[in-house]
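Here is the naming used below: chain letters follow the sequence lines, and residue numbers restart at 1 for every chain. Keep in mind that the numbers below use all heavy atoms, side chains included, and drop hydrogens, waters and symmetry copies.
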Amino acid sequence: MRPGNLEGLIATDQESAPKTDKDLPFARQVLADVMDPEVPAVSVVDLGIVRDIGWQDGHIRVLITPTYSGCPATEAIEEAIRDALIAAGFVQAEVIQRLDPAWTTDWITDEGREKLRAYGISPPSGSASKRSLTSEPPVVLCPICNSDHTERVSEFGSTACKALYRCCDCLEPFDYFKCI
Amino acid sequence: MQKYDDLTEFVLRMGDSALIQAQRLCEWTGKAPALEEELALMNVGLDLVGQARNWLDYAAELIGDGTDADALAYRRDERNYRNVLMVEQPNGDFAVTMLKQFLYDVWQFHMLSKLRESKDDRVAAIATKSLKEVTYHLRRSSDWIKRLGDGTEESHQRMVKAIDDVWRFTYDFLQLTEQENALIDSQVIGDVRDVAAQWQTKVNAVFVASTLTVPKPAEPFYLNSREGVHSECLGALLAEMQYLQRAHPNASW
C-alpha cells in the first residue's frame, strides 16, 4: 500500500472529536458512501431512501423509507447507516423508518440513474407521478448498447424492484429498475 | 375467539389476508412451471409479507399489551385469524393459484385505493405504499387470466375448473360488517362501500376478455372469516407456518 492511502485511515484531532449538529452536511457525505446491499452500485442517498438527516435530543437522526414493503434489505440498510455514522464519529445514531410519503423511483438522483446504467441496470423510464403502471408499457433502453428495441422477459427479476428484459439488437439480457 | 376493537379487527383482516396469501405463494418455491414464474410468485409473496408486517405492526400497537407482529403471525390459532377465505384455499394447479391471486388482487386494489383516503394516517400510509405494489400484481395476474382463459383448450378448461373450485368463497370479498360500516361513517377508514361493485366490474371485464363465463354472485354460507370460522385448510397452513415458533418460542437467527 502506498503511504498516501493511509491518509484517512489515521484519525486526526478533528475526526476524533464527537460529531455535533454542525456536522450534518458531513453526515450526508458519509451516507453517500453507504451502498444498497442488493444494488451495490448505488448509495442509499442515490436511491432516495434517505429522506431526512436531522439532529434531535443530542444525537443524529436519519429518516429512511423502504423501497418495497417486503424489501429484505431494509434492516441491513438501517444497520449499515447506523454503523457508518458511528464509525464517522457520531456517538449515537438513530435510524427511523417512515412509510409516508411512499417511496417512488422519481427520487432516484440523476447521478444514481447514471450509476445504475453503468452497472448494467436500465434505470426507471419516465416519471412514476406522471404515468400510471397500468398505462402503456415503458420504453426501456438497453444499458449496454442504448437500443430502445428491447423486450420484457419477466415482470420480476432478481429483486422486487427489478424486471427482466432482453435487448433485441445486442441480445444482452438485463435488469430494468421498475418505475413505481 | 378473541375480539378487538373495530379498527384493530379491520387492520388484522388486511394484514392476515396478505400474510396467508404470501404463505400460499411460498409453497410454490422450487416447483413453479418456469423460472421466471417462480421469481414472480416469490416477489409478489415478498411484497405481501412486507405489507402484512406493516399492518400487523400497527395492529400490535393498537392492541397495546406488549404483543408484536411476530407474535400475532406465529402464535395465533385459526379462530383468531381474520383473513379473507379465498387466500387460505389450497394452491391447486397454476390456474387455481393465478385465479386466487387475481380475485384477491382486484379486492386489494380497490380496497387500498379507498383506504388511502382514511383519516387514520397509518392506514392511509400503509395503503398508499401497498397500492403501488398491488397495481403491479394485478396487472400480472390479469394477464395470466387472459393467457390461460383464452389460451389452449386445456388451459381454458383448467380455468373453468378453477372458477368452479373457488368462486363460492368470493362472497367474503363483497360484504361489510356493521363494525366496518361504523369505521367508514366516522371516516377512520376510507369509504370502501363501493369496493364490492368495483370488484365485480373488474372481474367481469377480465373474465369476458378471457372468454370465461362469469358465475352468479356467490351466496354466503356458514364460513365467516370475521368470526374466525375458516375452512379447515387454514389450520394445516398455520401448523406449517407456525411450527418453528411454536416448537422453539422466540427462536431467532
Review point. Less than 4.5 Å apart, any side-chain heavy atom of N83(B) and any of R13(B)?
Key: no

Point to revise | Name of the residue among D68(B), L12(B), D70(B) meeting side chain to side chain contact (heavy atoms under 4.5 Å, CB included) with L56(B) | key: L12(B)

Exercise for review: Let me know which of D120(B), T8(B), D57(B) forms a side chain to side chain contact (heavy atoms under 4.5 Å, CB included) with L62(B).
Suggested key: T8(B)

**Study point:** Heavy-atom pair with the smallest gap, counting every atom of K178(A) and Y68(A)
**Key:** CE-OH, 3.5 Å

Review point. Out of L99(A), T65(A), T74(A), which one racks up the most heavy-atom pairs below 4.5 Å with chain B?
Key: L99(A)

Exercise for review: Below 4.5 Å from any heavy atom of chain A, which atoms of L138(B) appear? Answer side chain, backbone, both or neither.
Suggested key: neither

Check your understanding: Considering only heavy atoms, which portion of R140(B) lies under 4.5 Å from any heavy atom of chain A: side chain, backbone, both, or neither?
Key -> both

Point to revise | Most contacts with chain A, counted as non-hydrogen pairs under 4.5 angstrom, among N54(B), L35(B), N43(B), D143(B) | key: N43(B)

